[in-house]
Engineer: 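Sharing a structure with you now.
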Amino acid sequence: MMVVMKKEHSQEDLRAVLDHLQERGLSAHTSIGVERTVIGVIGHIYPELSDELRAFPGVDGTVPISKPYKLASRELRPHDTVVKVGNVEIGGGSTVIIAGQCSVDTPEQMLETARAVKAAGGHLLRGGAFKPRSSPHAFRGLVDEGLRILADAGAAVGLPTVSEVMDPRDVEIVAEHVDLLQIGTRNAQNYYLLDEVGNCDKPVLLKRGMACSVEEWLLCAEYVLARGNQQVILCERGIRTFETGTRFTLDVSAIPLAKRLSHLPVIADPSHGTGRWYLVEPMSLASVAAGADGLMVEIHPDPDRALSDGAQSLTFANFAHLMDGVRALSEAVRRPLARVQ
Ligand code: PEP
Ligand code: MN
């Protein structure tokens, strides 16, 4: 349920409502907007609650939230949420580019990649240190050492960093080294992991589970928001379909749909969404045209020798070409590449 406060309400009025909700064992998520203050009430909404709340002097009214995800819903927050990662704002009407290697392979290559991302105008550097691989025999990442290499490369060129966390026990160490915590498709519904990143104060990049409906994906975001972490970015990364010509099917329509249903920023990952390097640029352009707040793209100095996901990784030259196209298109659709603050 949403409690809408009167425009002229006082701090005491708000306090009284919050105290009442606390006494009733309900959790309250206050959002102070330019036009109005609303409180999202989560928990057991019993039939008399609405009448009780309407009796408070500062309360204008109550509105039920129809969607199962409450905090992620646009019904609660009509305006776009902007998530700040380092000095980059995601979700403010511009286009943000996250690029880097699938996995951190060597310090030298990571630094080369960081320089290429910076030179082409990218905003964030990615590199996987904890790798969820389909086969246990594949390269599974450099773990802690990988995080250090990524952090050093990001610092060397002045780019904030993002890396995946797979285990609730690793949230602390990953949060120590990077600016944005990634939850991968395979862990999108790992609810203990979502709780744990919800407890921390770093922004979270939440990939869509490869078998999640858009509603289920927003419920995953709800787990993080419910723990108090409001800095969530959604990432469409392709879903499982019958198609075998591509690795997954990038669901471009999910981008404007998720943005309509939720106030959270939505980016697209055409690398995992297609699995083919030559499809990454066209699907990047399609995603920007569909309203994505940004892109996440895998690149590598030597894709043929990458330890993970070489087939979908762009060379630096192809990434620079993609950036030229994205720069032009993002201006045409009035969502220009983000400026760094
Ligand atoms: C990745 O970003 O390298 C990754 C493993 O992504 P996903 O979880 O979307 O497969
Ligand atoms: Mn990858």
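None of the values given here were measured: they were computed from a predicted structure.
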Engineer: With clusters defined by side-chain heavy atoms of hydrophobic residues (ILVMFWY) lying less than 4.5 Å apart, directly or transitively, does Val3 cluster with Ile45?
Structural biologist: yes
Engineer: Using modelled atom types and a 3.5 Å cut-off, is there a donor and acceptor pairing between side-chain atoms of Thr246 and backbone atoms of Thr249?
Structural biologist: no
Engineer: Under a 3.5 Å distance rule, please check whether Asp195 uses its side chain to pair with a backbone N or O of Tyr192 as donor and acceptor.
Structural biologist: no
Engineer: Does the side chain of Pro78 come within less than 4.5 Å of His263's, by heavy atoms?
Structural biologist: no
Engineer: Determine whether more than 12 heavy atoms belonging to other residues, nucleotides or ligands lie under 6.0 Å from atom CZ of Arg140.
Structural biologist: no
Engineer: Does any non-hydrogen side-chain atom of Gln312 lie less than 4.5 Å from one of Cys102?
Structural biologist: no
Engineer: Can you find a side-chain donor-acceptor pair between Thr81 and Gln230 that sits under 3.5 Å?
Structural biologist: no
Engineer: Once you round to the nearest 0.5 Å, how far does CG of Leu314 lie from OH of Tyr278?
Structural biologist: 12.5 Å
Engineer: Show the nearest heavy-atom pair for residues Ile149 and Pro107, with the distance to one decimal.
Structural biologist: CG2-CA, 3.5 Å
Engineer: Decide side chain to side chain contact (heavy atoms under 4.5 Å, CB included) for Val252 and Met283; before the verdict, give the C-alpha distance in whole Å, the side-chain angles of both, and the deciding distance to 0.1 Å.
Structural biologist: CA-CA 8 Å; Val252 178; Met283 293 314 280; 3.6 Å; yes
Engineer: So, Asp80 and Arg74, do they make that salt bridge, N to O below 4.0 Å?
Structural biologist: yes
Engineer: Look at Asp309 together with Arg247 and state whether they make a salt bridge at an N to O cut-off of under 4.0 Å.
Structural biologist: yes
Engineer: I would like to know whether Asp269 and His272 meet side chain to side chain donor-acceptor pair (under 3.5 Å); could you show each step before the answer?
Structural biologist: CA-CA 6 Å; Asp269 171 355; His272 293 90; 2.7 Å; yes
Engineer: Taking NZ, NE, NH1 and NH2 as the nitrogens, is one of them in Arg15 or Asp19 under 4.0 Å from a carboxylate oxygen of the other?
Structural biologist: yes
Engineer: Report the distance from atom CZ of Arg126 to atom CD1 of Ile299, rounding to the nearest 0.5 Å.
Structural biologist: 10.5 Å
Engineer: With rounding to the nearest 0.5 Å, note down the distance linking CD1 in Ile239 to SG in Cys212.
Structural biologist: 10.0 Å
Engineer: Just checking Glu243: does its CD atom have more than 12 heavy atoms from other residues, nucleotides or ligands closer to it than 6.0 angstrom?
Structural biologist: yes
Engineer: For the residue pair Phe319 and Ala99, what are the closest heavy atoms and their distance?
Structural biologist: CZ-CB, 3.6 Å
Engineer: Do Arg36 and Asp60 meet the salt-bridge criterion of a basic N to acidic O distance under 4.0 Å?
Structural biologist: no
Engineer: Between CG of Leu261 and OG of Ser73, what distance do you get to the nearest 0.5 Å?
Structural biologist: 8.0 Å
Engineer: Let me confirm one number: the CD-CG distance from Glu172 to Asn199, rounded to the nearest 0.5 Å.
Structural biologist: 11.5 Å
Engineer: Would a distance-only check, ignoring hydrogens and angles, find a side-chain to backbone donor-acceptor pair under 3.5 Å from Ser313 to Pro303?
Structural biologist: no
Engineer: Check this for me: does any side-chain nitrogen of one of Arg24 and Glu52 sit under 4.0 Å from a carboxylate oxygen of the other?
Structural biologist: yes
Engineer: Side-chain contact test, heavy atoms from C-beta onward, threshold under 4.5 Å: evaluate it for Arg305 versus Asp302 and give yes or no.
Structural biologist: yes
Engineer: Within the 4.5 Å heavy-atom criterion, are Val63 and Met1 side-chain neighbours or not?
Structural biologist: no
Engineer: Is Arg133 reaching over with its side chain to a backbone N or O of Phe139, donor-acceptor style, under 3.5 angstrom?
Structural biologist: yes
Engineer: Side chains of His29 and Ile42: closer than 4.5 Å at any heavy-atom pair?
Structural biologist: yes
Engineer: Mind checking whether Val41 and Leu76 sit in one hydrophobic cluster, side chains of I, L, V, M, F, W, Y counted as touching below 4.5 Å?
Structural biologist: no
Engineer: Can you tell me how far the OG atom of Ser163 sits from the CG atom of Asp179, to the nearest 0.5 Å?
Structural biologist: 11.0 Å
Engineer: What do you reckon, is CD of Glu176 surrounded by more than 12 foreign heavy atoms closer than 6.0 Å?
Structural biologist: yes
Engineer: Provide the closest heavy-atom pair for Pro57 versus Asp13 in the form atom of the first, atom of the second, distance.
Structural biologist: CG-OD1, 4.0 Å
Engineer: Work out which heavy atom in Lys202 is nearest to a heavy atom in Ala175; give both atom names and the distance.
Structural biologist: NZ-O, 2.6 Å
Engineer: Please find the pair of heavy atoms, one from Ala254 and one from Val214, that lie closest to each other, and give the distance.
Structural biologist: CB-CG2, 3.9 Å
Engineer: Between Lys67 and Glu215, is the closest basic N to carboxylate O distance under 4.0 Å?
Structural biologist: no
Engineer: Begin with the C-alpha distance, continue with both residues' side-chain angles, and end with the deciding distance and a verdict on salt bridge (charged side-chain N to carboxylate O under 4.0 Å, His left out) for Arg208 and Asp251.
Structural biologist: CA-CA 10 Å; Arg208 178 180 180 182; Asp251 183 3; 2.9 Å; yes
Engineer: Between Ile233 and Leu206, is any pair of side-chain heavy atoms under 4.5 Å apart?
Structural biologist: no
Engineer: Quick check against the 3.5 Å criterion: does Lys70 have a side-chain atom that pairs as donor or acceptor with the backbone of Ile65?
Structural biologist: yes
Engineer: Checking the side chain of Ser262 only, and the main-chain atoms of Ala258 only, is there a donor and an acceptor separated by less than 3.5 Å?
Structural biologist: no
Engineer: So for atom CZ, which belongs to Arg260, do other residues, nucleotides or ligands contribute more than 12 heavy atoms lying within a distance under 6.0 Å?
Structural biologist: no
Engineer: How close do Thr113 and Gly100 get, counting heavy atoms only, and between which atoms?
Structural biologist: CG2-CA, 3.8 Å
Engineer: Can you name the one residue among Leu159, Leu295, Val96, Val117 that meets side chain to side chain contact (heavy atoms under 4.5 Å, CB included) with His123?
Structural biologist: Val96
Engineer: For Glu331, look at atom CD and say whether over 12 heavy atoms of other residues, nucleotides or ligands are found less than 6.0 Å away.
Structural biologist: yes
Engineer: Is there a side-chain contact between Glu281 and Asn318 (heavy atoms, below 4.5 Å)?
Structural biologist: no
Engineer: Between Ser271 and Glu298 (side chain of the first, backbone of the second, donor and acceptor by atom type, cut-off under 3.5 Å), is there such a pair?
Structural biologist: yes
Engineer: Taking Arg54 for the side chain and Thr62 for the main chain, is one N or O donor matched with an acceptor at less than 3.5 Å?
Structural biologist: yes
Engineer: If you measure from the Lys or Arg side-chain nitrogens to the Asp or Glu carboxylate oxygens, is any gap between Asp293 and Arg335 under 4.0 Å?
Structural biologist: yes
Engineer: Do side-chain atoms of Glu236 reach the backbone of Gly238 as a donor and acceptor pair under 3.5 angstrom?
Structural biologist: yes
Engineer: Without swapping roles, check the side chain of His177 against the backbone of Ile173 for a donor-acceptor pair under 3.5 Å.
Structural biologist: yes
